[in-house]
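As structure tokens, the structure follows; a few thoughts come after it.
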Amino acid sequence: MAITLKDLGEALGVAWEGPADLQISSVGALDSAGPQALAFLANPKYRQQLETTRAGAVILSADVPYSRPRLISANPYRDFTRAVKLFAPAVPLPPAGVHPLAWVHPGAKLGPDVAVGPFCVVSDGAVVGERTVLAAQVFIGERSSLGEDCILYPGVVVRERVQIGKRVIIHPNAVLGADGFGFAPDSGHYQKIPQIGIVVIEDDVEIGANTTIDRAALGETRVGCGSKLDNLVMVAHNVTIGPDTVIAAQAGISGSAHIGSQVMIGGQAGLQGHIRIGDRAILGAQAGVTKGVAPGEFVSGYPARAHKESMRQLAEIARLPELSKRVRALEKRLAELEAKERL
Amino acid sequence: MAITLKDLGEALGVAWEGPADLQISSVGALDSAGPQALAFLANPKYRQQLETTRAGAVILSADVPYSRPRLISANPYRDFTRAVKLFAPAVPLPPAGVHPLAWVHPGAKLGPDVAVGPFCVVSDGAVVGERTVLAAQVFIGERSSLGEDCILYPGVVVRERVQIGKRVIIHPNAVLGADGFGFAPDSGHYQKIPQIGIVVIEDDVEIGANTTIDRAALGETRVGCGSKLDNLVMVAHNVTIGPDTVIAAQAGISGSAHIGSQVMIGGQAGLQGHIRIGDRAILGAQAGVTKGVAPGEFVSGYPARAHKESMRQLAEIARLPELSKRVRALEKRLAELEAKERL
Amino acid sequence: MAITLKDLGEALGVAWEGPADLQISSVGALDSAGPQALAFLANPKYRQQLETTRAGAVILSADVPYSRPRLISANPYRDFTRAVKLFAPAVPLPPAGVHPLAWVHPGAKLGPDVAVGPFCVVSDGAVVGERTVLAAQVFIGERSSLGEDCILYPGVVVRERVQIGKRVIIHPNAVLGADGFGFAPDSGHYQKIPQIGIVVIEDDVEIGANTTIDRAALGETRVGCGSKLDNLVMVAHNVTIGPDTVIAAQAGISGSAHIGSQVMIGGQAGLQGHIRIGDRAILGAQAGVTKGVAPGEFVSGYPARAHKESMRQLAEIARLPELSKRVRALEKRLAELEAKERL
């Protein structure tokens, strides 16, 4: 697809400057976009790349001086994202219908225009909503349900009685509804506690590749509307995650933790069980979160504490050799003084 | 299923108080169980929930005052777990027999009542024990063996020559027997070292979703009887894990480490290779374990050290700003004294 | 296979001592090898095992005294590795050809002697190079390409437009080309940014089980020639990794980080996005790398700093209780002196 600068500006609803008929056919980064591509500047730290970019046009805010073809936006990142959608090649997915090499139980219910790719399994009592796509090699367990317009990529496993909302995207080899890690110690051995709860995934959630979300022991594990989970994330049994929360790769949330809405959890962060993370809290990458976090608070480090405090402690630790030297000097001076005193 | 309070008490072998014919049809948590459900109190910290619970009956210890219907147990958690088993819905698994869309090599041996679900592969020389279930899309490599009554959930991959005991449960997309990470540096490049060893999983082991247990370079990687591994755990080549050890999610064990029996490894803990962890040791969540740990020892932090020591150091670090202030005060006072002295 | 000591020495091109016709039929570790096996000594710390080993022959360097049958090598580890290759049983893989239960799109191109195992999917426009093996249940997306002599183990998912070189090995359930984690915040919600870039895997790369390598937002994510990634590693969108770099299990690399060549990244290390790691740098296990690392530098800890510095700080922290005691003593002595002064 190619579109003129003028048409692109109008499609995005933003002002434009430059030749109205300049052809734009793709999007790219400032440092690699070619003369038919649109690039963007959102972070001032990349401003110097404007001097050397070969991009046909750049989307940026009004206050940035730039004399070549441009689109002017109050939120360049968001509007570039909208432009990316215009130019993005369609993700190849199987067409509506059941592939002859899929296996759909006669007791499953498929909505109109559902696509079931090769080697998928849809079990008895499962319900798949309109236009939802099971790409290939996907497993849907008994009595699980998916809403409309979901995409499940190859290798995704959804065990029984999992409830998935609308427009949910699940990346390859993610696992929903595996047994929670529950065992009762009994004279040196462990007895398995049946995990009879469910998993609920609300609308517009995205779940990364190889991420695991365990079913509840009793009750439910829940991921709130619009939340986004990266790859290799662990969500244990009975965890609840509020809406619009983002969780970066390899973070792990222990059983029965309650995460609020609009929380941001950094990569490889680990959360203890049964704690409560308030809305809009931020947990730094690799943080070891051992107790609850108040709404809006930013914590980091191990064990996690207020980020400012954490930074201050790290600075103090870096000054420890000097502090130790000063104590040695004090001891020497004091000893001298004491010696004089004794004379 | 529904059962009277009296019958439930007798089934569990515990005393009961309340209407003998009270119907109990499910289990639940104190804060959400309904009037036909059994709940439990094991941790005194939830005792206040007894006042508001709507649970039909509660299982608790004799010393807890509670005037409504109850079951009295010396170990409420264990006996509740047993009750959960009574009420747990059966996990839906494929019936005995080979699904027409599975592929079983003619040289594989399936015991009586084995179930092989759709899109499973069972390779030449593989042996599958009586009543074992391969749910769907499972891969069993050449000459691998599984004992009786195992459950392998969808997407599990077991490569060649892996030996799996009885009653082993393996959650979706876990991988057993992938090559260990072994390379010999050779003039700036790496030469692959063939990983020709095996993996041995003893009886009653449970392995979490997306967990990986690598085959040995030479010899074997072994997980002992009754050990439980959570999701996304990494067990490297030639690791040995003793019986009844539990490993929480995202923990990683480097090559040739030896883990004893009844060890507890916290989530995201990392263990260096070639170290020895004694029986009943406890490794805290996110611990970075760089050397051996004595039997029964509790270590935490990075690098891991005795947990008490670790806590003490963290407390000292928190007091660093104050210590630094005290040193500054000493310097000032000493300078004043020295000035007087010089007069 | 069995071979005489003489023939083995000649096959490896190293000197040998002992009975020329001694039969060697396998390889093993010093502490477990039997009388027909070759073992090796590379690390002096295991030298005492020479006294008790039952190995038929040992490969070691000339300066180690050993009077029993031996092979003499300047690099015992490398030459043992070469011997392992001689004795390694062939990895069982499906024969050339397309399994009747695989699904290959008519628009896919398979080179000569390609093997496609059961329940594999090869999509439209995909190209698979000569002798490459898709073991079973593998997914290859539209227009993705694989070079010659690759092995993709069961459950591997390669989404669309991913480019894979020659002799690449990908372990079970690894995922290449899932969407990068890119969302634009928009009034409290997140808008998905289409991830339209690709993944490029150069020749001789090895990728561990359940590892995920995301496609770029724009442009490419790239893993350089000869690099080796262990299990459960996360490589985010637009990351570039140079040649001959090794990344241990559960490490995570955030978006747009640039990793040089011959870098070594320890297990569970985490790298912030947009940073640059110089050639031959070493990042310790569990390091939290928040900024760029110079070529050849060794960093560790959280936040990562020069390893020596890191060790020194840890030592200072361990001495904190003592420092605190010394400050208390100074305060007492100074107070005494001040009291005298006031007299």
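Remember, it's a predicted structure, so these values are computed and weren't measured experimentally. Letters A, B, ... mirror the listed sequences (proteins, then strands); counts begin at 1.
Checking each of B:F139, B:W103, B:F119 against C:F119 for a ring-ring contact (aromatic ring centres under 6.0 Å, His included) leaves exactly one that passes, namely B:F119.
Under 4.0 Å is where a charged nitrogen must lie from a carboxylate oxygen, and between B:R326 and C:E331 at least one such pair does.
Of all heavy-atom pairs spanning C:A29 and B:L218, the tightest one is N-CD1, 3.7 Å. A pairwise comparison of heavy atoms in C:Q250 and B:A251 identifies NE2-O, 3.2 Å as the closest pair.
For B:S123, no part sits under 4.5 Å from any heavy atom of chain C, backbone or side chain. If you measure heavy-atom distances from B:Q286 to chain C, the contacts under 4.5 Å come from the backbone alone. Contacts between B:R319 and chain C at a heavy-atom distance below 4.5 Å are absent for every atom of the residue.
Atom-to-atom distance recorded for B:K192:NZ and C:R167:CZ is 14.5 Å, nearest 0.5 angstrom. Separating the OH atom in B:Y190 from the CD atom in C:E206 is a distance of 13.0 Å, to the nearest 0.5 Å. Note: C:L323 CG to B:L323 CG = 5.5 Å, rounded to the nearest 0.5 Å.
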Decide yes or no on salt bridge (charged side-chain N to carboxylate O under 4.0 Å, His left out) for C:E338 and B:R333, but give the supporting numbers first. CA-CA 9 Å; C:E338 287 169 335; B:R333 284 160 59 191; 2.9 Å; yes

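Here the side chains of B:D124 and C:P92 are not in contact, with every heavy-atom distance at 4.5 Å or above. Taking the side chain as every heavy atom from C-beta outward, B:R159 and C:H171 approach each other to under 4.5 Å.
Contact annotation for residues 305-313 of chain B against chain C (heavy-atom separation below 4.5 Å, listed by residue number): B:R312, B:Q313.
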